[in-house]
Engineer: 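Would you mind keeping the following structure in view while I ask a few things?
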Amino acid sequence: MGTTAVARREYEVPASYTIAEDAALSDIVGELARTAPDFVAFQVPEGDGWADVTAAEFAQQVRAVAKGLIASGIGVGDRVALMSATRYEWALLDYAIWMAGACTVAIYDSSSTEQARWILEDSGAALLIVEHERHARTVADVAAPELRETLRIDAAAVDTLIARGATVGDDALSERRRHVHASSPATLIYTSGTTGRPKGVVLTHANLLAEATSGRIALASLLHEGQRTLMFLPLAHVFARAISVGALAAKVTVAHTADWGTLTDRFASYRPTFILAVPRVFEKIYNSAEQRAYDSGKGRIFALAADTAIEWSRAMRTGGPGLTLRLRHALFDRLVYAKLRAALGGRCVGAISGGGPLGARLGHFFRGIGLPVYEGYGLTETSAAITLNTENHLRVGSVGRPLAGHAVRIAEDGELLLKGPVVFGGYWNNPMATAESFEGDWFRTGDLGAVDDDGFVTITGRKKEIVVTAAGKNVSPAPLEDALRAHPLVGQCMIVGEGKPFIGVLITLDRDALSGWRQRHGIDPALEIGELVRHPALLGEIDAAVAETNSLVSKAEAIKKVRVLAAEWTQEGGELTPKMSLKRAVVLRKYADDVAAVYD
């Protein structure tokens, strides 16, 4: 149902479920072991294939590790930190921590020593489990006051815990369960922190169970028994974590990989029925396919196929495609689209996108090739998605409608406000930040948005990222940057112009696209990147991409000058967060001379 003011300012979808006050995430494990013991909950890499882990086997392992945590002195409500890339043991330890009545503190495996130190100190973690020696070295000099022990997954951490718990009885687990309620903290996830120190978001069992339940209702076409997915996003991020919980509850088989460099091979081997990814992954899939087509002399065919896919998708909102478009679409399905679907294993029927804006063009393209991408919106503070496009309610270019039991509101200044059971209750040890984040019962996202009469939400920018030029023009960087990143040569980009006479942009190049581009333009592959960024042919192509982007905005918002950088922006370099968001303050500081050059 919606409520109407002068313009649509608020929209709410009624709840169709309740979360019991004594509910706990670990109950999912026990319920599956009891009702579907032979269900293959996980598959783990084994040689060139995958080995099954049934629900019964998973439950047995979770209980054994939970007993080991109890034997290690972990008490109810204690924090146990996990610093690891995405792998099966992440899920195993997560559920074991919950079964022991404790709270998981997620640490990105790419975190620096100082980042890990802050999280361990602020959370008061009693135990840290890292993946391997590199992580152990990262935290070697960290002396967090509450931290008693560090274990390594690749040095038999799981076996060590199981051995420790061998003498702990089942009654100890039952006793722990009595102390866990839906309102108990399940995890602390520290915000990536594009500015300032990360804040610890406290998500309860109720928050994650509400996310899993409402997500299963919205994504019933993907999250159901018999489906399978390959999890490659960081499980330290709320997006992957929430889908993992929902997948287990829905009897979806999950496999894990952390090697993004071999994703294509993994897709071919595992053949997932759906995937979840951040927009940059979909951009890379499109750009790589386009690059291969041009490198093989079939660039024009790909361009026509892409335009047809987009046109076909757009037509779905206006009565469906006509005969001519259907014939063209069928032709390109055989020539192009089927090959793209095959690159994802050939069985993928849909995808979930989060962590940033996908953009209407990519959304229409993937829908048009037979792989609808269900884009949603959420934050760590909302346990992942709170709005989502679904099979029955899909509007490409939007981030969907509120999940069941949730509401959105647009404040007078355009800020998006949120309310519902997935919204967190506050930050860890930070009441001031908590108070600043709420307006009554409504969580203040910091994002600018709009909601239409059907409840579809559109994100238009970020309040704190608005660039105000010397002429007083407010410019939202997101639409410009999203459009530019769609070009194969563009790796990352950032709009500049705060207090300046016009809008400029810093651009880094996509290294994967450069090889084919050099070949097509007859450019010496030995030409250094520092010289390549000044090459007239490359600058001409970038300028054309900027001109196309400028056609989307007013003259006052248009990009007037471009600075192409030889550098790459990475997590390791500090310019990107783990979910590939720009750390604008870092970029402005590190590339101050380049920003100055834009205005020379």
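Counting from 1, the numbers follow the sequence of the chain as shown. Computed from heavy atoms alone, side chains included, the values below leave out hydrogens, waters and symmetry copies.
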Engineer: Any idea how Phe456 and His393 line up, ring-wise: parallel (<30°), tilted (30 to 60°), or perpendicular (>60°)?
Structural biologist: tilted
Engineer: Can you tell if the side chain of Tyr190 reaches within under 4.5 Å of the side chain of Ser123, non-hydrogen atoms only?
Structural biologist: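 The answer is yes, as the side chains (C-beta and beyond) meet within the 4.5 Å cut-off.
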Engineer: Kindly say whether Ala100 contributes a backbone atom to a donor-acceptor pair with the side chain of Arg176 at under 3.5 angstrom?
Structural biologist: yes
Engineer: Nearest 0.5 Å, please: how far is CZ in Arg87 from NE2 in His256?
Structural biologist: 10.5 Å
Engineer: Can you find a heavy atom in the side chain of Val158 that is under 4.5 Å from one in the side chain of Glu89?
Structural biologist: yes
Engineer: What are the two closest heavy atoms between Arg485 and Glu283, and how far apart are they?
Structural biologist: NE-OE2, 3.8 Å
Engineer: Looking at every non-hydrogen atom in both residues, tell me the closest pair between Ser111 and Ala116 and how far apart they are.
Structural biologist: CB-N, 4.5 Å
Engineer: Taking the side chain as C-beta and beyond, is there a heavy-atom pair between Thr445 and Tyr377 under 4.5 Å?
Structural biologist: yes
Engineer: Does a donor on one side chain and an acceptor on the other come within less than 3.5 Å for Ser84 and Asp109?
Structural biologist: no
Engineer: First locate atom SG of Cys103, then atom CD1 of Ile74, and finally report the distance between them rounded to the nearest 0.5 Å.
Structural biologist: 11.5 Å
Engineer: Rounded to the nearest 0.5 Å, how far does CG of Leu233 lie from CD1 of Ile275?
Structural biologist: 9.0 Å
Engineer: Do any N or O atoms from the side chain of His406 and from the backbone of Gly420 form a donor-acceptor pair under 3.5 angstrom?
Structural biologist: no
Engineer: State, without any angle test, whether Gln571 and Tyr108 hold a side-chain donor-acceptor pair at a distance under 3.5 Å.
Structural biologist: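 No donor-acceptor contact under 3.5 Å links the two side chains.
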Engineer: Taking the inter-plane angle between the rings of His237 and Phe239 on a 0 to 90° scale, is it parallel (under 30°), tilted (30 to 60°) or perpendicular (over 60°)?
Structural biologist: perpendicular
Engineer: When you measure from the side chain of Asn207 to the backbone of Thr204, do you find a donor-acceptor pair of N or O atoms at a distance under 3.5 Å?
Structural biologist: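 Yes; at least one donor-acceptor contact below 3.5 Å.
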Engineer: Among side-chain atoms of Asp259 and Thr262, is any donor-acceptor pair under 3.5 angstrom?
Structural biologist: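 Looking only at side-chain atoms, Thr262 and Asp259 do form a donor-acceptor pair, the distance falling under 3.5 Å.
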Engineer: Quick check: does any side chain N or O of Thr508 sit under 3.5 Å from a backbone N or O of Gln492, one acting as donor and the other as acceptor?
Structural biologist: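 The answer is yes, because a donor-acceptor pair under 3.5 Å joins these two groups.
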Engineer: Ignoring hydrogens and geometry beyond distance, is a side-chain donor-acceptor pair present between Trp98 and Thr187 at under 3.5 Å?
Structural biologist: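 No, because no side-chain N or O of Trp98 sits under 3.5 Å from a partner of the opposite role on Thr187.
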Engineer: Pair Trp90, Ser244 - check side-chain hydrogen bond (donor to acceptor under 3.5 Å, both in side chains), show working.
Structural biologist: CA-CA 11 Å; Trp90 221 112; Ser244 295; over 6 Å; no
Engineer: For a 4.5 angstrom cut-off between non-hydrogen side-chain atoms, does Lys251 reach Leu32?
Structural biologist: yes
Engineer: In terms of heavy-atom contacts, does CD of Gln60 have more than 12 from other residues, nucleotides or ligands at under 6.0 Å?
Structural biologist: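 Not buried by this count: 12 neighbours or fewer within 6.0 Å.
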Engineer: Tell me if the centroids of the rings in Phe424 and Phe438 come within less than 6.0 Å of each other.
Structural biologist: yes
Engineer: Is any side-chain heavy atom of Leu403 closer than 4.5 Å to one of Leu388?
Structural biologist: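 Yes, at least one pair of side-chain atoms sits under 4.5 Å.
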Engineer: Name all residues meeting the salt bridge (Lys or Arg N to Asp or Glu O under 4.0 Å) criterion together with Glu121; count only those two or more places apart in sequence or in a different chain, and write none if there are none.
Structural biologist: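 Result, salt bridge (Lys or Arg N to Asp or Glu O under 4.0 Å) vs Glu121: none returned.
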Engineer: What do the steps show when you test Val201 against Leu188 for side-chain contact (heavy atoms from CB on, under 4.5 Å), and what is the final call?
Structural biologist: CA-CA 5 Å; Val201 176; Leu188 294 186; over 6 Å; no
Engineer: Flag the pair Asp510 and Arg280 as a salt bridge only when some basic side-chain nitrogen lies within less than 4.0 angstrom of an acidic carboxylate oxygen.
Structural biologist: yes
Engineer: Under the side-chain hydrogen bond (donor to acceptor under 3.5 Å, both in side chains) criterion, do Thr104 and Asp94 qualify, and how do the steps go?
Structural biologist: CA-CA 6 Å; Thr104 305; Asp94 210 12; 2.8 Å; yes
Engineer: Would you say Thr460's side chain and Leu448's backbone share a donor-acceptor pair under 3.5 angstrom?
Structural biologist: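 Answer holds: yes.
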Engineer: Is the backbone of Gly573 close enough, under 3.5 Å, to the side chain of Thr570 for a donor and an acceptor to pair up by distance?
Structural biologist: yes
Engineer: side-chain contact (heavy atoms from CB on, under 4.5 Å) for Ile153 and Ile129? Distances and angles first, verdict last.
Structural biologist: CA-CA 7 Å; Ile153 293 174; Ile129 303 174; 3.8 Å; yes
Engineer: Would you give the length of the straight line joining atom CG of Leu230 to atom OG1 of Thr253, rounded to the nearest 0.5 angstrom?
Structural biologist: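 Leu230 atom CG to Thr253 atom OG1 measures 12.5 Å (nearest 0.5 Å).
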Engineer: Would you say the side-chain atoms of Thr229 pair up with the backbone N or O of Met231, donor to acceptor, closer than 3.5 Å?
Structural biologist: no
Engineer: Is Arg266 close enough and on-axis enough to Phe232, meaning under 6.0 Å and within 45°, for cation-pi?
Structural biologist: no
Engineer: So, Glu131 and Arg152, do they make that salt bridge, N to O below 4.0 Å?
Structural biologist: no
Engineer: Regarding Asn389 and Glu375, do their side chains bring together a donor and an acceptor under 3.5 Å, going by distance alone?
Structural biologist: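 On atom types as modelled, these side chains do not qualify, holding no pair under 3.5 Å.
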Engineer: Taking all atoms of both residues into account, what is the closest heavy-atom pair of Arg177 and Ala23, and its distance?
Structural biologist: NH2-C, 3.8 Å
Engineer: Begin with the C-alpha distance, continue with both residues' side-chain angles, and end with the deciding distance and a verdict on side-chain contact (heavy atoms from CB on, under 4.5 Å) for Val587 and Trp569.
Structural biologist: CA-CA 9 Å; Val587 172; Trp569 294 344; 3.7 Å; yes
Engineer: If you define the side chain from C-beta out and look only at heavy atoms, does anything of Leu93 sit under 4.5 Å from Val65?
Structural biologist: yes
Engineer: Without swapping roles, check the side chain of Ser214 against the backbone of Ala210 for a donor-acceptor pair under 3.5 Å.
Structural biologist: yes
Engineer: What is the distance from atom CD of Glu225 to atom CZ of Arg228, rounded to the nearest 0.5 Å?
Structural biologist: 14.0 Å
Engineer: Using every non-hydrogen atom in the two residues, find where Ala36 and Ala55 come nearest and quote the distance to one decimal.
Structural biologist: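 Taking Ala36 first and Ala55 second, the nearest heavy atoms are O-CB, 3.4 Å.
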Engineer: Using modelled atom types only, decide if a donor and an acceptor are shared between the side chain of Thr387 and the backbone of Arg401 within a distance under 3.5 Å.
Structural biologist: no
Engineer: Show the nearest heavy-atom pair for residues Thr382 and Glu211, with the distance to one decimal.
Structural biologist: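 Heavy-atom minimum between the residues: O-OE1, 3.6 Å.
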Engineer: Determine whether a donor-acceptor pair (N or O, by modelled atom type, separation under 3.5 Å) exists between the side chain of Thr213 and the backbone of Leu209.
Structural biologist: yes
Engineer: Any salt bridge linking Arg584 with Glu481? Criterion: basic side-chain nitrogen under 4.0 Å from a carboxylate oxygen.
Structural biologist: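 Salt bridge present between Arg584 and Glu481.
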Engineer: Are Phe58 and Tyr95 close enough that their ring centers fall under 6.0 Å?
Structural biologist: yes
Engineer: Start with the C-alpha distance between Val40 and Val53, add both sets of side-chain angles, then the distance that settles side-chain contact (heavy atoms from CB on, under 4.5 Å), and finish with yes or no.
Structural biologist: CA-CA 6 Å; Val40 178; Val53 178; 6.0 Å; no
Engineer: State plainly whether the residues Asp122 and Lys199 are in salt-bridge range, i.e. N to O under 4.0 Å.
Structural biologist: no
Engineer: What I'd like to find out is whether the side chain of Leu128 reaches to under 4.5 Å of the side chain of Met83, using heavy atoms alone.
Structural biologist: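 With C-beta onward as the side chain, the pair touches.
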Engineer: Which heavy-atom pair separates Ser112 from Thr138 by the least distance, and what is that distance?
Structural biologist: C-CG2, 3.8 Å
Engineer: Check whether any side-chain heavy atom of Tyr270 sits under 4.5 Å from a side-chain heavy atom of Gln43, and report yes or no.
Structural biologist: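 Tyr270 reaches Gln43 side chain to side chain.
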Engineer: To the nearest 0.5 angstrom, please state how far the CD1 atom of Ile243 sits from the CZ atom of Arg216.
Structural biologist: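 Atom-to-atom, Ile243:CD1 and Arg216:CZ are 12.0 Å apart.
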